[in-house]
Amino acid sequence: MTIQQTNLCASSSSIYLHVILLFSICLFCLQTAITATAPTNETDHLALLKFKESVPQAFNVLSSWNDSMNFYNWHGITCGRRRQRVTALNLEGYKLRGSISPDIGNLTFLRLINLQNNSFYGKIPQEVGHLYRLQQLNLNNNTLEGEIPSSLSNCSNLRFINLMVNNLKGKIPAKLGSLMKLETLRLSRNNLTDAIGQLKGLRVFAIGLNKLSGTIPSSLYNVSSLQILSVPYNQLNGTLPLNIGLNLPNLQIPQVGANDFFGTIPTSLCNATQFQLIDLGHNNFIGSIPTNLGNLLDLYQLRLSSNYLGRDFHFITSLTNFSRLQILDLYSNQFKGVLPDSISNLSTQVIELYLAVNEISGTLPASLENLVNLIILSLYFNHFTGIIPTTFGKFQKMQELGLGGNNLSGEIPASIGNLTQLFELNLSENKFEGTIPPTIVNCQNLQLLNIEQNNLNGSIP
Ligand SMILES: *[C@@H]1O[C@H](CO)[C@@H](O)[C@H](O)[C@H]1NC(C)=O
Ligand SMILES: *[C@@H]1O[C@H](CO)[C@@H](O)[C@H](O)[C@H]1NC(C)=O
Ligand SMILES: *[C@@H]1O[C@H](CO)[C@@H](O)[C@H](O)[C@H]1NC(C)=O
Ligand SMILES: *[C@@H]1O[C@H](CO)[C@@H](O)[C@H](O)[C@H]1NC(C)=O
Ligand SMILES: *[C@@H]1O[C@H](CO)[C@@H](O)[C@H](O)[C@H]1NC(C)=O
Ligand SMILES: *[C@@H]1O[C@H](CO)[C@@H](O)[C@H](O)[C@H]1NC(C)=O
Ligand SMILES: *[C@@H]1O[C@H](CO)[C@@H](O)[C@H](O)[C@H]1NC(C)=O
Ligand SMILES: *[C@@H]1O[C@H](CO)[C@@H](O)[C@H](O)[C@H]1NC(C)=O
Ligand SMILES: *[C@@H]1O[C@H](CO)[C@@H](O)[C@H](O)[C@H]1NC(C)=O
Ligand SMILES: *[C@@H]1O[C@H](CO)[C@@H](O)[C@H](O)[C@H]1NC(C)=O
Ligand SMILES: *[C@@H]1O[C@H](CO)[C@@H](O)[C@H](O)[C@H]1NC(C)=O
Ligand SMILES: *[C@@H]1O[C@H](CO)[C@@H](O)[C@H](O)[C@H]1NC(C)=O
């Protein structure tokens, strides 16, 4: 009896056990099913806690990330209304120091990650590749290292990637080329090189202010969607491809200044008619400036300083029907001969004209007065002869007039006193004679007056 009872007891308890086991197995199945196939807001909750854990030095920024409050209300978190899942993680500019937890990859509803201006270190977790809804990834200005995870290529909705100012290195993963919606890729101040020519939707290629060397991957010149090519201040070399303007018809801003590019400026550049700014300065470009610049109706800055350009001035004529040109910078090139009168037909919107440090001769065209809005006229270190035309008194807005280091002579015209905005007047190293016109006292804003090495006499007004 006792035995039976015990048996019964045992069997009933074993049934009980079975039920419990079955139940818990089912529960377990259910739970795995839920976490594996249908992540919930709890998935996000846990992932955020892990994220916080990996940022030990969060100061008070993440103090609201505690269980006294639903995570929808945590600082820097935005959630979608319907599913209550995290859609944005925005913790910009808090000096947060920590790593980026791989669990961030579980926040599968994320559309925006903005951690710029912090001190995140370590690698960009490859789990970011799970975030297929992600549209913006901004990790600018941290101390992230390692390579750009190629898994990012899974985030097919990415439109904007900014990884500037980090310590990333290695190659730009070719797979990123599959990001058809990508419009902006900013990678400056990293140690990255290599081909990215498959980025068919790329509009911005900005890698300026690095120490990158070598050439721009030639495949980039095939990315016809490109609008901004900004690579200034690197050590890049190579030539601009002959068909650059034909292959990149949407290019608006080619900014390749302060590198070691060489060769001629391809005429085809002007086939990309949407240019707003051309900066090829501080390179080793040689030869003539294309004469078809007249196609570039939106161009407002043409910066070509410090090259070996200047076979002739023919290009000036093509610029003369412009309405928007504001800055023409030909400083330190190899322009020779007489400055053509047509320079006076540049847009009256020109405010800065730099021709200094060339070998330009002849007289200063009196017609320059047409450029009534000039603020800076920099003609120093050339071979100009003759007088300063009295018409220079028309430059009501002139702030900086540099005529030093030429062979100008005659008297300084009294009309110089009309330049009431003048801040800097440099007439040094010329052959001016006579007295300093008393009208100069009208130049109330003058802070820098250099007239040394001339033949001036009399007293200082
Ligand atoms: C998740 O959502 C459910 C239902 O909307 C809610 O009851 C629960 O509190 C949420 N969990 C967390 C951790 O917020
Ligand atoms: C995130 O997902 C991975 C893989 O599914 C899992 O192993 C991990 O535990 C999850 N993390 C959290 C905090 O839930
Ligand atoms: C938890 O978050 C709440 C709300 O921001 C805050 O008032 C509280 O101080 C936090 N608790 C801790 C222990 O940090
Ligand atoms: C973060 O950096 C960007 C770019 O460097 C800058 O424009 C922005 O003002 C900075 N924001 C903060 C909050 O420091
Ligand atoms: C980087 O972020 C810090 C704040 O964390 C800010 O002080 C600094 O100016 C930023 N630097 C750049 C280049 O944006
Ligand atoms: C990226 O997608 C591929 C194929 O779609 C998949 O095999 C891989 O696991 C994904 N990687 C990540 C990090 O999500
Ligand atoms: C960039 O990477 C190359 C090759 O890995 C290395 O030789 C060089 O020192 C790095 N430059 C910087 C500035 O980190
Ligand atoms: C271009 O730069 C690379 C890397 O600095 C160098 O090896 C190569 O000699 C340079 N080519 C020319 C023509 O200057
Ligand atoms: C550029 O595209 C053309 C035509 O599609 C192709 O023949 C050429 O190989 C490409 N060049 C590079 C460097 O990818
Ligand atoms: C490129 O520009 C030149 C000179 O303006 C012009 O003759 C040529 O037809 C243009 N080519 C194309 C394909 O637009
Ligand atoms: C400038 O415009 C005038 C009149 O519209 C035209 O005759 C002349 O050919 C144009 N010059 C250039 C260089 O396009
Ligand atoms: C410029 O100055 C001269 C002499 O000082 C004066 O006669 C003339 O009216 C002034 N012209 C203008 C345009 O201000």
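Counting starts at 1 for both ligands and their atoms, following the listed order.
Partner of Leu319 under the side-chain contact (heavy atoms from CB on, under 4.5 Å) criterion, out of Val350, Asn345, Leu293, Ile343: Leu293 alone. For the side-chain contact (heavy atoms from CB on, under 4.5 Å) test with Gln399, the passing option among Ile375, Leu377, Leu446 is Ile375; the others fail.
Close contacts between ligand 2 and Asp103 involve ligand atoms 1 (C), 10 (C), 11 (N), 12 (C), 13 (C) [criterion: under 4.0 Å to a heavy atom]. Near Lys95, the atoms of ligand 5 lying under 4.0 angstrom from a non-hydrogen atom of the residue are 5 (O). In the vicinity of Phe262, heavy-atom distances shorter than 4.0 Å reach the ligand 8 atoms 13 (C).
The pair Arg159-Glu183 does not count as a salt bridge, with every side-chain nitrogen at least 4.0 angstrom from each carboxylate oxygen.
Protein heavy atoms are absent from the space less than 4.0 angstrom from atom 9 (O) of ligand 2. The protein reaches atom 14 (O) of ligand 2 closely, with a heavy atom under 4.0 angstrom from it. Per-atom contact check: atom 5 (O) of ligand 2 does not touch the protein, criterion being a heavy-atom distance below 4.0 Å.
Between Asn141 and ligand 5, at least one pair of N/O atoms sits closer than 3.5 Å. Between Lys50 and ligand 2, no pair of N/O atoms sits closer than 3.5 Å. For Gln235, no nitrogen or oxygen atom sits less than 3.5 Å from a nitrogen or oxygen atom of ligand 8, counting backbone and side chain alike.
Side-chain rings of Tyr94 and His75 approach one another, their centers coming within less than 6.0 Å. For Phe313 and Phe335, the ring centers are positioned less than 6.0 Å apart. The aromatic ring centres of His45 and Trp65 sit 6.0 Å or more apart.
Nearest to atom 3 (C) of ligand 2 by heavy-atom distance, out of Leu107, Leu49, Asp44, Asn106, is Asn106.
Contact annotation: the side chain of Leu371 approaches that of Leu353 to within less than 4.5 Å [non-hydrogen atoms, C-beta and beyond]. Two residues are said to be in side-chain contact when any heavy atoms from C-beta on lie closer than 4.5 Å; Ile113 and Ile104 meet this criterion.
Proximity of Thr43 to ligand 2 is not established, as no heavy-atom distance is less than 4.0 Å.
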